Every structure is written in structure tokens, then in C-alpha cells.
Amino acid sequence: MTNSAEVAKKVLVVEDSKDISGLLGEVLEDEGYQVFYAEDGNEALAQAFAAQPQLILMDLSLPDLDGWEVVRRLRAVTEFRATPIIAVTAHASTSDRNRAISIGCTDYISKPFDIDMMLKRVAELLKDK
């Protein structure tokens with residue numbers, strides 16, 4: 001017997017701007033996702049291990065421990081090797097995008113971003129999770 005109520009998929013929003021994290025959280029929750037938040041790199045690592053999200057939206061410019069290093073550390077741990085990580089960043093050059101993908105980001109969205117496009121990418125990455 002299967003449960004007809006689908007369990008909400010968990011998304012970790014790592015963003016030091018309260019405005020952006022609030023916007024992302026609001027639209028993700030409206031789509032039925034369970035959202036967790038982190039404002040800096042150390043908090044991002046702690047929240048990732050505590051919440052075990054199915055997807056992470058990662059700002060790369062963070063206080064204390066930057067998002068580049070957070071991604072490297074998460075990818076070094078077996079339980080996060082396959083977790084989709086979308087870089088959401090103001091670093092908009094091709095070399096920044098290539099660097100983000102090379103360190104382990106699954107996708108890359110530059111700020112300012114289109115909400116509908118971001119939601120579509122999140123849904124695509126979570127469809128089989």
C-alpha cells in the first residue's frame with residue numbers, strides 16, 4: 001500500500017542576502033518544497049548534514065567559508081556526491097560558470113535570475129529523487 005500524500009522534497013537555500021533567501025524560500029514553499037536556510041558556509045555544512053536535502057541552492061560568495069569551498073567539502077562526502085547543487089551567484093562570467101561546474105556544481109544560475117526558469121531547473125533535477 002502506498003501513501004497518497006507525497007513527502008515534500010527538501011531544498012537547502014544557502015544565501016547571505018535575506019532578501020534573496022526570502023524570495024527563494026517563498027517561491028519554493030509555494031511549489032510544495034520543504035525549505036531550509038543557511039547564511040554562511042559553516043551553517044551550510046551543518047544544515048546539509050542535519051536536513052539531508054535532495055537539492056542545494058548555493059551562493060558562492062558567502063561570509064567565513066565561501067560557497068566554492070562548501071561545494072568541495074560536500075562533494076568529498078559520499079552522501080552528497082549525487083545531491084544536485086545549483087550555484088546561484090553574481091559571478092556571471094563563463095570562467096566562473098566553468099569553475100563552478102568543475103568543483104561539483106550540477107547547474108549554474110547567475111543573478112539576477114528568472115524565478116520561473118530557476119523553478120523549472122529545480123523541478124527537473126528533483127524529478128527522480
Side-chain angles (χ1 to χ4, degrees):
M1 186 157 115
T2 60
N3 184 351
S4 61
E6 186 176 326
V7 175
K9 292 182 179 161
K10 296 185 271 187
V11 176
L12 173 58
V13 174
V14 182
E15 172 62 60
D16 61 334
S17 164
K18 290 199 183 294
D19 290 339
I20 295 172
S21 67
L23 171 66
L24 288 170
E26 184 177 319
V27 298
L28 288 165
E29 287 172 356
D30 286 350
E31 293 294 314
Y33 298 106
Q34 183 179 7
V35 182
F36 299 85
Y37 300 91
E39 293 181 6
D40 62 49
N42 288 318
E43 187 179 0
L45 290 170
Q47 280 286 66
F49 285 98
Q52 295 292 305
Q54 280 93 15
L55 183 136
I56 300 170
L57 294 173
M58 177 68 66
D59 183 8
L60 297 175
S61 298
L62 296 169
D64 75 52
L65 187 65
D66 67 31
W68 305 97
E69 183 60 24
V70 173
V71 172
R72 280 188 204 93
R73 290 185 187 189
L74 289 173
R75 290 301 190 217
V77 179
T78 304
E79 63 197 281
F80 291 107
R81 287 205 180 114
T83 302
I85 300 175
I86 301 175
V88 182
T89 181
H91 295 280
S93 73
T94 301
S95 64
D96 288 327
R97 183 187 192 288
N98 292 342
R99 180 179 170 209
I101 299 300
S102 74
I103 64 162
C105 291
T106 312
D107 202 348
Y108 180 96
I109 299 173
S110 60
K111 297 175 188 174
F113 52 85
D114 177 90
I115 291 291
D116 292 331
M117 181 265 310
M118 187 270 305
L119 287 172
K120 181 180 177 191
R121 286 182 172 170
V122 167
E124 287 171 359
L125 289 168
L126 287 176
K127 71 180 177 199
D128 297 325
K129 298 274 179 217

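Please read these numbers as outputs of a predicted model, since none were measured by experiment.
With salt bridges taken as basic N to acidic carboxylate O contacts below 4.0 Å, none links Glu124 and Arg121.
Clustering ILVMFWY residues whenever any of their side-chain heavy atoms sit less than 4.5 angstrom apart, transitively, puts Val11 in the very cluster that holds Val88. Cluster membership for Phe36 and Val70, using ILVMFWY side-chain heavy atoms within less than 4.5 angstrom, is shared. Residues Tyr37 and Ile86 share a hydrophobic cluster, clusters being chains of Ile/Leu/Val/Met/Phe/Trp/Tyr side chains in contact below 4.5 Å. Cluster membership for Ile109 and Val13, using ILVMFWY side-chain heavy atoms within less than 4.5 angstrom, is shared. Follow the hydrophobic side-chain contacts under 4.5 Å out from Leu55 and you never reach Phe49; the two are in separate clusters.
Considering CZ of Arg99 and CH2 of Trp68, their distance stands at 4.5 Å, rounded to 0.5 Å. Between the CG atom of Leu45 and the CG atom of Leu74 there is a distance of 5.5 Å, given to the nearest 0.5 Å. For the atom pair Leu60 CG and Cys105 SG, the distance stands at 5.5 Å (nearest 0.5 Å). Separation of atoms OH (Tyr33) and NZ (Lys10) is listed at 15.0 Å; rounding is to 0.5 Å. In this structure, the separation between CG on Asp66 and CG on Asp59 is 9.5 Å, given to the nearest 0.5 Å. Note that the CD atom of Glu43 and the CG atom of Leu12 stand 9.0 Å from one another [nearest 0.5 Å].
In this structure, the side chain of Lys9 does not engage the main chain of Gln54 through any donor-acceptor pair within 3.5 Å.
Other residues, nucleotides and ligands contribute at most 12 non-hydrogen atoms within 6.0 Å of the NZ atom of Lys120.
Closest approach of Pro63 and Glu39 over heavy atoms only: CD-O, 3.7 Å. Taking both residues in full, the closest heavy atoms of Pro53 and Thr83 are given as O-CG2, 3.7 Å, listed atom of the first, atom of the second, then distance.
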inquiry  = Using the rule given for side chain to side chain contact (heavy atoms under 4.5 Å, CB included), can you reason through Gln47 versus Val14, listing the C-alpha separation, both sets of side-chain angles and the distance that settles it, and then say yes or no?
reply    = CA-CA 9 Å; Gln47 280 286 66; Val14 182; over 6 Å; no
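Counting heavy atoms from C-beta outward, Glu31 and Val122 have side chains that stay 4.5 Å or more apart. For the pair Thr89 and Asp96, the minimum side-chain heavy-atom distance is 4.5 Å or more.
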